[in-house]
S.K.: 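Sharing a structure here in structure tokens format.
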Amino acid sequence: MDFDAVLIAPRRAASIAAGHWQDRTISDYLAACVRERPDATALTALSIERQQVTRFTWRELARMADRVALGLSRLGIVTGDVVSCQLPNGWHLSVLYLACARLGAVLNPVMPIFRERELSFMLAHAQSKVVVVPKMFRGFDHAHMLRGLRDALPALRHVVAVDGDGGDDDSDSFEALLSGPLWEDDADAAAILLGSRPGPDDVTQLIYTSGTTGEPKGVMHTANTLFSNIVAYAGRLHLTGDDVVLMASPMAHQTGFMYGLMMPVMLGAHAVLQDIWDPARAAALIREQGVTFTMGSTPFLTDLARVVAESGTPVPSLRTFLCAGAPIPGALVERARSALGATIVSAWGMSENGAVTTTLPDDPDTRASTTDGCPLPGVELRVVDGADADLPAGQTGRLLVRACSNFGGYLKRPHLNSTDADGWFDTGDLARLDAHGYLRIAGRSKDVIIRGGENIPVLEVETLLYRHPAVAQVAIVAYPDARLGERACAFVVPRPGQSIDMAGMVDWLRQQKMALQYIPEKLVVRDALPATPAGKIQKFRLREMLLGEDG
Ligand code: ADP
């Protein structure tokens with residue numbers, strides 16, 4: 001596949017000169033771990049779904065990565081091919097990425113919550129050649145879903161299922177094709193592994209971000225863009241190879257992928273992975289494994305703080321919890337700090353550039369409860385008005401970012417890159433800076449709803465509802481929720497003589513086979529919606545109407 005990562009080459013000389021791009025790939029970091037600490041624990045994966053704990057030392061992890069790389073090459077994967085995976089957190093996902101990186105293949109992790117609608121778009125757009133899924137996860141047969149999509153995906157050669165038969169017989173399982181056979185003993189193994197090493201500016205990861213423009217956008221990253229963030233992030237948080245990192249937030253999102261998969265390899269730190277969010281199990285893992293650092297969006301912090309406070313059993317090893325991905329209420333930060341006895345670091349970031357503002361672990365406590373942090377080294381921020389003029393501290397405007405970790409562009413959608421000739425990326429967030437240069441996210445100019453850290457592509461859901469025979473007009477807006485931050489409400493104007501109710505709306509959206517988490521949880525039926533003279537629906541007034549109803 002031809003990756004049009006047009007934002008990489010123009011930045012190279014300056015990023016290298018500034019020391020932000022260090023030209024090291026994940027394979028280089030993994031090799032260093034094997035050299036320096038071969039028998040230390042690299043990864044502990046708790047699978048609640050499979051009731052299993054799996055451990056790898058660095059030597060074992062690297063060996064398994066080589067084996068899976070060779071298995072992928074036997075399936076025809078070569079440099080520049082896309083391998084997609086719809087895997088929960090666990091060793092399969094980590095190994096698959098390390099294996100792809102060995103071959104120069106691009107890993108495209110997709111969320112386990114996605115269904116036919118999201119996947120058929122993403123896998124076609126990415127021209128994935130292999131897709132790896134769990135046979136069953138949370139009662140859903142992913143292998144069956146993928147088999148149903150296959151005919152519409154001409155580039156897709158193999159559906160590989162963990163723990164089962166991805167195809168018509170058992171031969172399409174992860175175990176049979178990738179992790180079982182001792183491929184590394186084959187005569188041609190070394191030549192394959194040495195023959196296809198990707199460079200640090202080659203696209204290594206493709207991650208879809210929920211569309212604000214009607215369809216998901218494929219964010220392309222290279223080793224240099226990703227590690228330039230991870231190196232700075234770990235440095236700021238004082239993380240080293242002695243840390244133990246828990247990742248229960250999905251590794252199919254940038255946060256879990258960068259800080260649960262890549263960062264531990266970069267540091268030589270022990271990664272502890274959890275597949276299904278269960279705060280009591282997370283607290284137990286923290287105690288058992290001596291976890292020192294974890295990260296997640298607000299529901300993870302809310303839940304963990306609650307179970308630790310309720311159990312009365314502390315988590316003394318936990319030094320830092322980094323919270324990002326959605327607005328972070330100050331009261332939650334304070335409650336969590338006292339319940340966990342850990343430093344809470346607030347941060348802001350996106351799939352396009354990683355977590356690029358964070359508070360400092362040594363900051364006064366109020367910084368994490370009132371701001372989303374200050375820029376990491378290699379990151380600059382601007383808050384501008386409608387005419388792109390810089391605004392003074394304290395005033396809210398559009399947030400622009402220029403970062404060494406900015407992505408390479410959106411796959412096949414360069415016109416949407418939102419990055420100007422000087423490298424400023426328009427984030428679609430509204431923010432203000434304080435006198436100390438700390439950022440506070442104040443809202444969004446882009447139309448997404450963030451439900452528990454998961455972005456709902458509002459336009460896409462509205463488009464599907466517009467196709468409902470009873471719907472004349474629809475607008476989806478957020479309403480506040482104590483645990484998830486926001487949930488979605490659909491305002492609908494029915495066609496004359498028609499009607500729609502909640503059950504009808506949910507049925508309709510279920511039939512579209514979209515992620516269940518995207519379905520609005522409230523429906524308000526009206527004769528008309530507030531609009532500007534030009535006919536644009538005034539969503540702010542709908543949000544106010546909802547608040548008025550509740551209050
Ligand atoms: P991720 O995969 O890391 O969740 P996404 O690209 O899906 O990233 O979502 C990024 C968006 O999440 C941001 O543009 C912003 O709207 C929101 N977000 C992230 N961090 C914060 C924060 N600290 N406060 C408010 N909103 C945030």
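Every heavy atom of this structure was used, including side-chain atoms; hydrogens, water molecules and symmetry mates were not. Please read all numbers here as calculations on a predicted model, not as lab measurements. Counting starts at 1 for both ligands and their atoms, following the listed order.
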S.K.: Take a 6.0 Å sphere around NZ of Lys513 and say whether it holds more than 12 heavy atoms from other residues, nucleotides or ligands.
M.R.: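 No.
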S.K.: Yes or no: does Ala355 have any heavy atom under 4.0 Å from an atom of ligand 1?
M.R.: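 No; Ala355 lies far enough from ligand 1 that no heavy-atom distance drops under 4.0 Å.
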S.K.: Which residue in the set Lys217, Glu215, Met111, His125 passes side-chain contact (heavy atoms from CB on, under 4.5 Å) when paired with Tyr208?
M.R.: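 Between Tyr208 and the candidates, side-chain contact (heavy atoms from CB on, under 4.5 Å) is satisfied uniquely by His125.
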S.K.: Heavy atoms only, cut-off 4.0 Å: how does Ala326 contact ligand 1, side chain, backbone, both, or neither?
M.R.: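 It is the backbone that touches ligand 1; the side chain stays farther off.
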S.K.: In the protein, what heavy atom is nearest to atom 16 (O) of ligand 1, and what distance, to one decimal place, separates them?
M.R.: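 For this ligand atom, the closest protein heavy atom is Asp429 OD1, 2.6 Å.
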S.K.: Measuring from the heavy atoms of Glu454, does anything fall under 4.0 Å of ligand 1?
M.R.: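 Checking ligand 1 against Glu454, which is what was asked, there is no heavy-atom contact under 4.0 Å.
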S.K.: Examine distances only and state if a side-chain atom of Thr222 and a backbone atom of Asn224 form a donor-acceptor pair shorter than 3.5 Å.
M.R.: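 Flag set: sc Thr222 to bb Asn224 pair under 3.5 Å.
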S.K.: Regarding ligand 1, does Thr427 bring an N or O atom to under 3.5 Å of one of the ligand's N or O atoms?
M.R.: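 No, no N or O pair falls under 3.5 Å.
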S.K.: Looking only at N/O atoms, are Thr255 and ligand 1 under 3.5 Å apart anywhere?
M.R.: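 So ligand 1 has no N or O lying under 3.5 Å from an N or O of Thr255.
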S.K.: Among Gly349, Gly325, Ser351, which one has a heavy atom closest to atom 10 (C) of ligand 1?
M.R.: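 Considering heavy atoms of Gly349, Gly325, Ser351, the nearest to atom 10 (C) of ligand 1 sits in Gly349.
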S.K.: Checking the N or O distance criterion of under 3.5 Å, is ligand 1 in contact with Asp372?
M.R.: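 So ligand 1 has an N or O lying under 3.5 Å from an N or O of Asp372.
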S.K.: Under 3.5 Å, is there a donor-acceptor pair linking the side chains of Asp275 and Ser47?
M.R.: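 A pair is found: one side chain offers a donor N or O, the other an acceptor, under 3.5 Å apart.
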S.K.: Any N/O of Ala347 closer than 3.5 Å to an N/O of ligand 1?
M.R.: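 For ligand 1, there is an N or O atom that lies under 3.5 Å from one belonging to Ala347.
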S.K.: Using the ring of each side chain (for Trp, its six-membered ring), is Phe293 parallel, tilted or perpendicular to Tyr233, with breaks at 30° and 60°?
M.R.: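 Ring orientation of Phe293 relative to Tyr233: perpendicular.
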S.K.: Ser351 and His253: side-chain donor and acceptor closer than 3.5 Å?
M.R.: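 Per modelled atom types, Ser351 and His253 side chains form no pair under 3.5 Å.
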S.K.: Would you say the side chains of Arg236 and Thr358 form a donor-acceptor pair under 3.5 Å?
M.R.: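 Present: a donor and an acceptor within the cut-off.
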